[in-house]
Amino acid sequence: MTEQPELSDVLRDRREKLDRIREAGIDPFPHEFAEREEIVAVRAAHEGLAPGVETDSRHRVAGRIVARRGHGKAAFLDLRDGSGQIQLHAREDLLGEEAFERLVHLDLGDIVGVEGAALATRRGGELSLAIDRWRLLAKSLRPPPGKFHGLEDVETRYRRRELDLIANETSRRVLALRARTIGEVRRWLDERGFVEVETPVLQPLYGGALARPFVTHHNALDRDFYLRIATELYLKRLVVGGIDRVYELGKDFRNEGVSHKHNPEFTMLEWYEAYADYGKTARDLELLVAEVAERVLGTTTIQRGETAIDLAPPWRRMTLREAIRERAGVDIAERPTREALAAAMGTEPDPAEGWGKLVDGLLSKSVEPELVQPTFVLDYPVELSPFAKAHRSEEGLVERWEAFVGGMEIANSFSELNDPDAQRRRFEQQAAELARGDEEAQPYDEAFVEALEQGMPPTGGVGLGIDRLVMMLTGAQSVREVVLFPAMRF
RNA sequence: GCCCCCGUAGCUCAGUUGGUUAGAGCGGCGGCCUUUUAAGCCGCGCGGCGCGGGUUCGAAUCCCGCCGGGGGUACCA
């Protein structure tokens, strides 16, 4: 034992049982248990078996013992595998005295393989296996979390997710639903001819979003690398290269605070479609989200607290100017300088905050929490969007939208800026923001501008926050509920 | 980063005007019982009260510091 010099009684008991098992010549950690059935298949095979009926249909299953109810020369055990749970009926007359005694003295949490015939109990009619053979497959040396109350301590649930999964059905459900969501998102894109790619996580220069990066160091090259904050710039270089429909689904990293909607590493989908604009991407996003919900949940209606949210398209569309005027009572078009806007908001302008930052603040504080039903907010100030193309008719704005559901941003999109000279000027504006003290401004990326000089078709791009989508589909209030191992202090 | 709340048994929790060896249910251990089942029946606490100081005759309880978590806030997706 390295972790504790003195073992608690609970742990010592299990160690002693392990020793006794070994002394009896039994391998407590054998190598396999072949030709087992999944429990869910056994259940399906005996659907509707009448109470009291004993069949001669034999099954071989394996899993963790999650409960035991002793009964003298008989006992009931609940066995669970990845597919489900089934009751085992252990009887001394079927097993023989020695095998029965060893079985009854197993600990909750031990993993066993068993064989026996299916029956439905007389009283409850519960499907059970009357086992006549069994084998220990792995000894559990630590007690399982409580099965009655489950494991509720959130810290333990996040730090030791394996215990959470053992104890809590809802956690297992969220994990499965997340996996299916990601699968359906991929399928939706694949079916439409999008090509999945992988671009660098370690980048010499970060970009594609307004955020602070993590920095790491490459020893052999003796250079610092940034963990990507977005995949945007590399993906657009692929569009230049002729990949007309491209996507990447993977992790981004942003060096920001953690909250119920922010984990420092999070899963982002970005897709780019050549010859499309931000109107097309909006129609695609609402379609994608609705179809994924339909396939994963069987409905496009989700519940968020007391409110039912309908994800079926079309979603509401409103301009950012309208949204802020409606919710905050300020017309940003009439307050075109940071001093004027700050005055209208009744605040002192922070020296590090430009006009765009103030608008962003109004959006996230006054507008975002109110957007519960799916809504596209359209047409952002150019200051906030260094990679979006100028609006075709509105001066000072770009063709960009953000999608909000349940009071949270889930996606962001624009008609991509493909004029290299305009892109250069945007980088120069960002440099000014950096100089002013905005640590989230963009560093200049010459390789990206040169790629645009090669010629990029008009393109629509989207970023969809997968964690937040899963939060919506599962009803989770915290991103930590949908991320298996959320960032914690250590 | 700041503010508020929380940290008692393997699990879920009682216990604060400071007062005898710190409690319950589940789990565990022992016994009984061949169809129980959100925990069959009977019996037995198995504990450095997050860590370190301090006040006091006496601290789980009061004070200070630290660690960890939750909620809010700032920043952001």
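So you know, we letter chains A, B, ... as the sequences are listed, proteins then strands, and number each from 1.
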Requested in this report: Check every atom of rG69(B), rU34(B), rG28(B) against the side chain of R159(A) and return the nucleotide holding the closest atom.
Outcome: rG69(B)
Query raised in the report: Watson-Crick or G-U wobble partner for rG58(B), using a 3.5 Å limit on both distances?
Result: none
**Report entry** Minimum-distance nucleotide to T121(A) side chain [options: rU35(B), rG28(B), rG70(B)]
**Finding:** rU35(B)
Requested in this report: Classify the nucleic acid contact of E54(A) as base, sugar-phosphate or nothing, counting any heavy atom under 4.0 Å across all strands shown.
Outcome: base
Report task. Could you measure between the two P atoms, the one in rG40(B) and the one in rG25(B), and give it in whole Å? Result -> 14 Å
Report task. Working to the nearest 0.5 Å, report the span between CZ of R480(A) and CZ of R161(A). Result -> 10.5 Å
Query raised in the report: What is the distance from atom CG of L129(A) to atom OG1 of T55(A), rounded to the nearest 0.5 Å?
Result: 8.5 Å
Query raised in the report: Counting side-chain heavy atoms from CB outward, which of rG10(B), rG70(B), rU35(B) is closest to Y158(A)?
Result: rG70(B)
Query raised in the report: Rounding to a whole Å, what distance do you find between Q87(A):CD and rA38(B):P?
Result: 10 Å
Report task. State, yes or no, whether a side-chain contact exists between L127(A) and E47(A) at a heavy-atom distance under 4.5 Å. Result -> no
Requested in this report: Pick base, sugar-phosphate or nothing for M268(A), based on heavy-atom distances below 4.0 Å to the nucleic acid.
Outcome: nothing
Query raised in the report: What interatomic distance, in whole Å, is found between P of rU61(B) and the corresponding atom of rC49(B)?
Result: 9 Å
Requested in this report: Indicate yes or no for a side-chain donor-acceptor contact from D153(A) to the backbone of T156(A) under 3.5 Å, with no hydrogens or angles considered.
Outcome: yes
Query raised in the report: Closer than 4.0 Å, any side-chain N/O of R160(A) to the OP1 or OP2 of rC11(B)?
Result: no
Query raised in the report: Would you say R68(A) reaches rU37(B)'s phosphate, i.e. side-chain N/O to OP1/OP2 under 4.0 Å?
Result: no
Report task. Choose from rG68(B), rU35(B), rC75(B) the nucleotide whose nearest atom is closest to any side-chain atom of E256(A). Result -> rC75(B)
Query raised in the report: Now, which nucleotide makes the Watson-Crick or G-U wobble pair with rA9(B), with each of the two distances under 3.5 Å?
Result: none
**Report entry** Distance, rounded to the nearest Å, where N255(A) contributes CG and rA74(B) contributes P
**Finding:** 20 Å
Requested in this report: From the options rU12(B), rG40(B), rG72(B), select the nucleotide whose nearest atom is closest to the side chain of L151(A).
Outcome: rU12(B)
Report task. Looking at every strand, decide which applies to G465(A) at a 4.0 Å heavy-atom threshold: base, sugar-phosphate, or nothing. Result -> nothing
Query raised in the report: Rounded to the nearest 0.5 Å, how far apart are CG of L269(A) and CG of L288(A)?
Result: 7.5 Å
Query - Partner nucleotide, any strand, of rG1(B) [Watson-Crick/G-U, under 3.5 Å] - result: rU73(B)
Query raised in the report: Counting side-chain heavy atoms from C-beta on, which of rG69(B), rU35(B), rC29(B) comes nearest to D107(A)?
Result: rC29(B)
Query raised in the report: If you check the E155(A) side chain, which of rU35(B), rU37(B), rG69(B) turns out closest?
Result: rG69(B)
Report task. Please tell me which of the listed nucleotides, rG1(B), rU37(B), rU12(B), lies nearest to the side chain of E152(A)? Result -> rU12(B)
Query raised in the report: Are any side-chain N or O atoms of R228(A) and backbone N or O atoms of K251(A), one a donor and one an acceptor, separated by less than 3.5 Å?
Result: yes
Report task. Check whether any side-chain N or O of K365(A) sits under 4.0 Å from OP1 or OP2 of rC75(B), and answer yes or no. Result -> yes
Query - Nearest-nucleotide pick for D153(A), side chain only, options being rU12(B), rU37(B), rG69(B) - result: rU12(B)
Requested in this report: Pick base, sugar-phosphate or nothing for G463(A), based on heavy-atom distances below 4.0 Å to the nucleic acid.
Outcome: nothing
Report task. Return no unless some side-chain N or O of R142(A) is found under 4.0 Å from OP1 or OP2 of rG10(B). Result -> no
Query raised in the report: What does R122(A) touch in the nucleic acid at a heavy-atom separation under 4.0 angstrom: a base, only the sugar-phosphate, or nothing?
Result: base
Report summary line: Quick note, H260(A) side chain, CB onward, closest among rG1(B), rG72(B), rU37(B) is rG72(B)
Query raised in the report: Nearest-Å distance, NZ (K261(A)) to C1' (rC75(B))?
Result: 12 Å
Query raised in the report: For rC75(B), does either OP1 or OP2 sit under 4.0 Å from a side-chain N or O belonging to R254(A)?
Result: no
Query raised in the report: Which whole-number value in Å describes the distance from L210(A) CG to rC75(B) C1'?
Result: 13 Å
Report task. Kindly state whether the ring of Y206(A) and the ring of F225(A) have centres lying under 6.0 angstrom apart. Result -> no
Report summary line: In whole angstroms, the gap separating P of rU34(B) from CG of L103(A) amounts to 16 Å
Query raised in the report: Expressed in angstrom and rounded to an integer, what is the separation of H71(A) atom NE2 from rC41(B) atom P?
Result: 9 Å
Query - Length of the line joining R157(A):CZ and rU12(B):C1', which is rounded to integer Å - result: 14 Å
Query raised in the report: Rounded to whole angstroms, how far apart are CZ on R15(A) and C1' on rG28(B)?
Result: 17 Å
